[in-house]
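Have a look at the structure that comes next, please.
What you are looking at is a predicted structure, and each value in this text was computed from that prediction instead of being measured. Residue numbers start from 1 in every chain, and the chains themselves are labelled A, B, ... in the order their sequence lines are given, proteins ahead of strands.
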Number of protein chains: 2
Amino acid sequence: MSVPDITMMRIMGRWQGGASERLREAALGLFTTQGYDGTTVAEIAAAAGLTERTFFRHFADKREVLFVDQDEFERAFLGGLPESGDDPMALISGVLDGAATLFPEERRPWSRARQAVIIANIALQERELLKLSSLAFALTRALTSRGVDAASAALAAESAVTVFRTAFAVWVADGEKRTFADIQYSVFSRLRALLR
Amino acid sequence: MSVPDITMMRIMGRWQGGASERLREAALGLFTTQGYDGTTVAEIAAAAGLTERTFFRHFADKREVLFVDQDEFERAFLGGLPESGDDPMALISGVLDGAATLFPEERRPWSRARQAVIIANIALQERELLKLSSLAFALTRALTSRGVDAASAALAAESAVTVFRTAFAVWVADGEKRTFADIQYSVFSRLRALLR
DNA sequence: CCTCGCGATGTCAGTCCCTGACATCACTAT
DNA sequence: ATAGTGATGTCAGGGACTGACATCGCGAGG
């Protein structure tokens, strides 16, 4: 996604530009072939034609190189919140519908590759949980700002993220063919049926 | 909790015995007074009359010293699962009732101290999320072994953990007086009301 | 009573993650 | 042309964690 264009190059200082993207690609490649633990930050940086120190200027820590996308995803996710309304169920329904559009078929292979790396390493799963928790928190705030009471907002947000995460796991599973929207809808329905 | 008795001493090798407990207490104390990042493993070990190397023989990493209790908690939590039945709702209801008994009033001050340390450090929150995720996974397995289908089991388990976590956060909040069971019941009710 | 074995601890060296401080380079605006 | 700005390089160092090996305390068997 987002290859650096000429405009970016100009503001990126020394050499080729797009340092962050190069580092991300190098990291995913090395993690895939030799594992996360079997890869040092120095190696990633060298593969991107940079220095270890520069790596840490772009990413807070070694794990973060796989999760910067997630930050932009969080914005997109929250962007799917309906403009108005104060019914928690309607709001998270809307958010989930919006989220589904963020995972078109073309993205599935890449998501699978990334998920394979994450599943293979517990430290990476830990970071993923933190990101999802941050997502739930942001959604909670968005809901309360819509007038939902704090307790309901927190539970609705957590439930929405649970549905999303569960659906995502199914979507990237081996051999799965259904669309993200279809899977997510069925997960959501099942959750609602369960808690009654 | 669980101060080492004479029987333990015998099997604990060199010197006083109860190394693990000493390390845990030293760690919580130092984290409280000078913060998690401001405390080195060497300091903790020295405070317990041990070596850094020995610390890492008892705990997989620095964070884990605050979470070993959680492992025994996971066993107790799962132990609250009703003996029989295959209705997911009834099963997680039972588990949550059992979990509430694990947090009597006497434990609240200690839980507050511990939670204060965790809330102050994002790396610790990350670990806590991992533990809760592991708990949800274990509960999922327990439910499927009771005959619940995989998808429902996963959603029920995640929901149960969400309720527990939310209730816990309220229970340790400043000035909160209600019992864990009361809080958890109201959280659970609200979640069920929400998703209908 | 001795010694042998075993488990817990100590010691040491080394790798890797991550950071602060300072120098250097490319590019831009004036 | 020159100074300024932002990205990168270089260097030194702390702290987390690990493998290899030595040592100590204790309990079991002779």
Heavy-atom neighbours of B:Tyr185 OH exceed 12 at 6.0 Å:
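It does not: B:Tyr185 OH has 12 such atoms or fewer within range.
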So, the side chain of A:Ser133 versus the backbone of A:Leu129: is there a donor-acceptor pair under 3.5 Å, distance only?
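It does not hold such a pair.
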What donor-acceptor contacts under 3.5 angstrom involve side-chain atoms of residues 83-104 of chain A, with partners at least two apart or in another chain?
| from | atom 1 | to | atom 2 | distance (Å) |
| --- | --- | --- | --- | --- |
| A:Asp87 | OD2 | A:Ala90 | N | 3.2 |
| A:Thr101 | OG1 | A:Gly98 | O | 2.6 |

Using a strict 4.0 Å threshold on nitrogen-to-oxygen distance, state whether A:Arg108 and A:Glu105 make a salt bridge.
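Salt bridge flag = yes for A:Glu105 with A:Arg108.
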A:Phe73-A:Phe67 aromatic ring centre distance below 6.0 Å:
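Ring-ring flag for A:Phe73/A:Phe67: false, centres at least 6.0 Å apart.
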Is there a side-chain contact between B:His58 and the phosphate of C:dT9, meaning an N or O under 4.0 Å from OP1 or OP2?
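Looking at the OP1 and OP2 atoms of C:dT9, one of them is under 4.0 Å from a side-chain N or O of B:His58.
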Check this one for me: any side-chain N or O of B:Thr54 less than 4.0 Å away from OP1 or OP2 of C:dT9?
no
Rounding to an integer number of Å, can you tell me how far A:Leu50 CG sits from C:dA26 C1'?
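The distance from CG of A:Leu50 to C1' of C:dA26 comes to 15 Å, rounded to the nearest Å.
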Between A:Leu23 and A:Ala48, what is the shortest heavy-atom contact and its length?
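Shortest heavy-atom contact: CD2-CB, 3.7 Å.
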Start with the C-alpha distance between B:Glu176 and B:Arg112, add both sets of side-chain angles, then the distance that settles side chain to side chain contact (heavy atoms under 4.5 Å, CB included), and finish with yes or no.
CA-CA 11 Å; B:Glu176 179 61 48; B:Arg112 280 197 172 117; 4.3 Å; yes
Nearest to the side chain of A:Lys62 - C:dT9, D:dA16, C:dC17?
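The answer is C:dC17.
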Mapping B:Arg57 and B:Asp61 to their closest nucleotides on DNA chain D, which lands nearer the 5' end?
B:Asp61
Could you tell me the separation between the CZ atom of B:Phe59 and the P atom of C:dA8, rounded to a whole number of Å?
14 Å
For DNA chain C, determine which residues of residues 35-44 of chain A have any heavy atom closer than 4.0 angstrom to one of its atoms, and list them numerically.
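Heavy-atom cutoff 4.0 Å gives A:Thr39, A:Thr40, A:Val41.
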Taking the basic N atoms (NZ, or NE/NH1/NH2) and the acidic carboxylate oxygens, is any pair closer than 4.0 Å for A:Arg24 and A:Glu21?
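Answer for the salt bridge query: yes.
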Please write out the pairs of protein N or O atoms and N or O atoms of nucleotides 12-14 of chain D separated by less than 3.5 Å, giving the distance to one decimal.
none

Per B:Ala19 side chain, nearest of listed nucleotides C:dC17, C:dT9, D:dC17:
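Minimum distance to the B:Ala19 side chain belongs to C:dT9.
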If the threshold is 4.0 Å, N to carboxylate O, is there a salt bridge linking B:Lys131 and B:Glu64?
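Counted as a salt bridge, because a side-chain N and a carboxylate O are separated by less than 4.0 Å.
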In this structure, how many angstroms lie between the P atom of C:dC18 and the CD atom of A:Glu52, rounded?
9 Å
Nucleotide D:dT8, atom C1' - distance to CZ of A:Phe56 in whole Å:
15 Å
